[in-house]
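Each chain gets a letter, A, B and so on, in the order the sequences are listed, and its residues count up from 1.
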Number of protein chains: 2
Amino acid sequence: MKRRNTAAKQTILDILQASRSVPLSQEDIEQKVAGKMNRVTVYRVLNSFYEDGYIHKILADDGKYYFAICLNCREDDHHHDHFHFRCLNCQKVECLQEEVKVQLPGGYRQESVNCLITGYCPECA
Amino acid sequence: MKRRNTAAKQTILDILQASRSVPLSQEDIEQKVAGKMNRVTVYRVLNSFYEDGYIHKILADDGKYYFAICLNCREDDHHHDHFHFRCLNCQKVECLQEEVKVQLPGGYRQESVNCLITGYCPECA
DNA sequence: TTTGTTAATGCAATTGAATTGCAATAATAA
DNA sequence: TTATTATTGCAATTCAATTGCATTAACAAA
Ligand SMILES: [Mn+2]
Ligand SMILES: [Mn+2]
Ligand SMILES: [Zn+2]
Ligand SMILES: [Zn+2]
């Protein structure tokens, strides 16, 4: 009896599923569930999903966290090492296909990656 | 008469100069200037340096901003497009030599880059 | 050197995303 | 059905960062 299935979790999961390669901010999700649950619940559900490895979390240079379903990850093999993109005009964040490949200097051990490119998307450029 | 030279600015500039490839957080700098100036002044000086292009600013995945002197930039050519590294143990942040090279999908325009690798540095690994 | 303008500063108050404490609620194992 | 305890809502709190405003001081002009 570790985690329980609840309406709140299912609702948020559905929202994330429907936005596969477009990470959503806490605020984005709050708006979509407005009235259905408390904002603190959104925080806690997102954090539990993240802890359990169902979603990945990126900190964008607007200072907000964005969350997206893990796509090419398996329980035993997480690799959230792709770039993300944020549009300065429409604010949308996207997962890019390209993986981050860094040649670290000797002795450094890589644990995780948080790479964000900021600019203008095709619709706004 | 745009910007004025003040003791506060000179002090902070000296600190950043002495820490060339090791970006410092607001908090780091505050400690070094403790008693000499107000913390709000530190914020404002750092922001003015950043606006004027003297330093670059990165948001690390600990949620804090880190600042470092621009090294290979000229007035007309800024390129803060290198990776950064943060050690999970000693918390130190470093500028890496390697530049970020992303092949953006068609139509996307890149403006800036905020790429951080998190892991363990040689001393802590 | 003196003076006037206004950028810079200190201090207190405020913002806003994120977190925490706690009592009430509800999922689920027994 | 019942007992256990994870989950939720609500209020309060945290903490870095920002803002307002009166005071100070840099520096251009006289
Ligand atoms: Mn994943
Ligand atoms: Mn630079
Ligand atoms: Zn856009
Ligand atoms: Zn270290």
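In this structure, B:M37 places its CE atom 13 Å from P of C:dC11, rounding to the nearest Å. Distance, B:Q10 CD to D:dA26 C1': 14 Å, rounded to whole Å. The interatomic distance linking B:K57 (NZ) with D:dA16 (P) rounds to 16 Å, in whole Å. B:R3 has its CZ atom 17 Å from the C1' atom of C:dT5, to the nearest Å. When the P atom of C:dT9 is taken as reference, atom CG of B:N5 falls 11 Å away, rounded to whole Å. Whole-Å rounding puts the B:K9 NZ to D:dA25 P distance at 15 Å. In this structure, the CD atom of B:E30 is 9 Å from the P atom of D:dA17, given to the nearest Å. The nearest whole Å value for the distance from the CG atom in A:L59 to the P atom in C:dG16 is 18 Å.
Residues passing the side chain to side chain contact (heavy atoms under 4.5 Å, CB included) test with A:A68 are A:P23, A:H56, A:C95, sequence neighbours excluded. Remark: A:R20 pairs with A:Q17 by the side-chain hydrogen bond (donor to acceptor under 3.5 Å, both in side chains) rule, at least two apart or across chains. By the side-chain hydrogen bond (donor to acceptor under 3.5 Å, both in side chains) test, B:T6 is found to be paired with no residue, residues two or more places apart in sequence or in another chain being considered.
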Indicate every side-chain donor-acceptor pair of residues 9-16 of chain A with a distance under 3.5 Å to a residue at least two apart or in another chain.
from: A:K9; atom 1: NZ; to: A:R4; atom 2: O; distance (Å): 2.8
from: A:Q10; atom 1: NE2; to: A:D14; atom 2: OD1; distance (Å): 3.0
from: A:T11; atom 1: OG1; to: A:A7; atom 2: O; distance (Å): 2.8

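Within the structure, every side-chain polar atom (N or O) of A:T6 is placed at least 4.0 Å from both OP1 and OP2 of C:dA26. Contact check, A:K64 against C:dA17: no side-chain N or O comes under 4.0 Å of OP1 or OP2. OP1 and OP2 of D:dT7 both lie 4.0 Å or more from every side-chain N or O belonging to A:T41. Contact annotation: A:N38 does not reach the phosphate of D:dT8 (side-chain N/O to OP1 or OP2, under 4.0 Å). Taking side-chain N and O atoms only, B:Y43 has no distance below 4.0 Å to OP1 or OP2 of D:dT18. The shortest distance between the side-chain N/O atoms of A:K2 and the OP1/OP2 oxygens of D:dA6 is not below 4.0 Å.
Applying the side-chain hydrogen bond (donor to acceptor under 3.5 Å, both in side chains) rule to pairs touching residues 88-101 of chain A yields A:R86-A:Q91, A:E94-B:Y108, sequence neighbours excluded. Among residues at least two apart or in separate chains, there is no ring-ring contact (aromatic ring centres under 6.0 Å, His included) pair with a member in residues 12-34 of chain B.
Comparing D:dT7, D:dT8, C:dT19 by their nearest atom to the side chain of A:N47 picks out C:dT19. Among the nucleotides C:dA8, D:dT8, D:dT4, the one closest to the side chain of A:R4 is D:dT4.
Within 4.0 Å (heavy atoms only), B:E27 reaches no atom of the nucleic acid at all. Among the protein residues, B:D62 comes within range of no part of the nucleic acid, since none of its heavy atoms lies under 4.0 Å from any strand.
Taking Ile, Leu, Val, Met, Phe, Trp and Tyr as hydrophobic and joining them when side-chain heavy atoms fall under 4.5 Å apart, one finds A:L88 in a cluster with A:Y120.
In the helix from C:dT1-D:dA30 to C:dA30-D:dT1, the rotation axis of the first five pairs and that of the last five pairs differ in direction by 40°, rounded to 10 degrees.
Place B:Y65 and A:V45 on DNA chain D by their nearest nucleotides, and A:V45 ends up nearer the 5' end.
Between B:Y54 and B:F49, the ring-plane angle classifies as perpendicular under the 30° and 60° cut-offs.
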What pairs of nitrogen or oxygen atoms, one from the protein and one from nucleotides 19-22 of chain D, lie under 3.5 Å apart?
from: D:dG20; atom 1: O6; to: B:R44; atom 2: NH1; distance (Å): 3.4

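Between B:S48 and B:R3 the shortest side-chain heavy-atom distance falls below 4.5 Å.
Counting heavy-atom neighbours within 6.0 Å of B:K57 NZ, excluding the residue itself, gives a total above 12.
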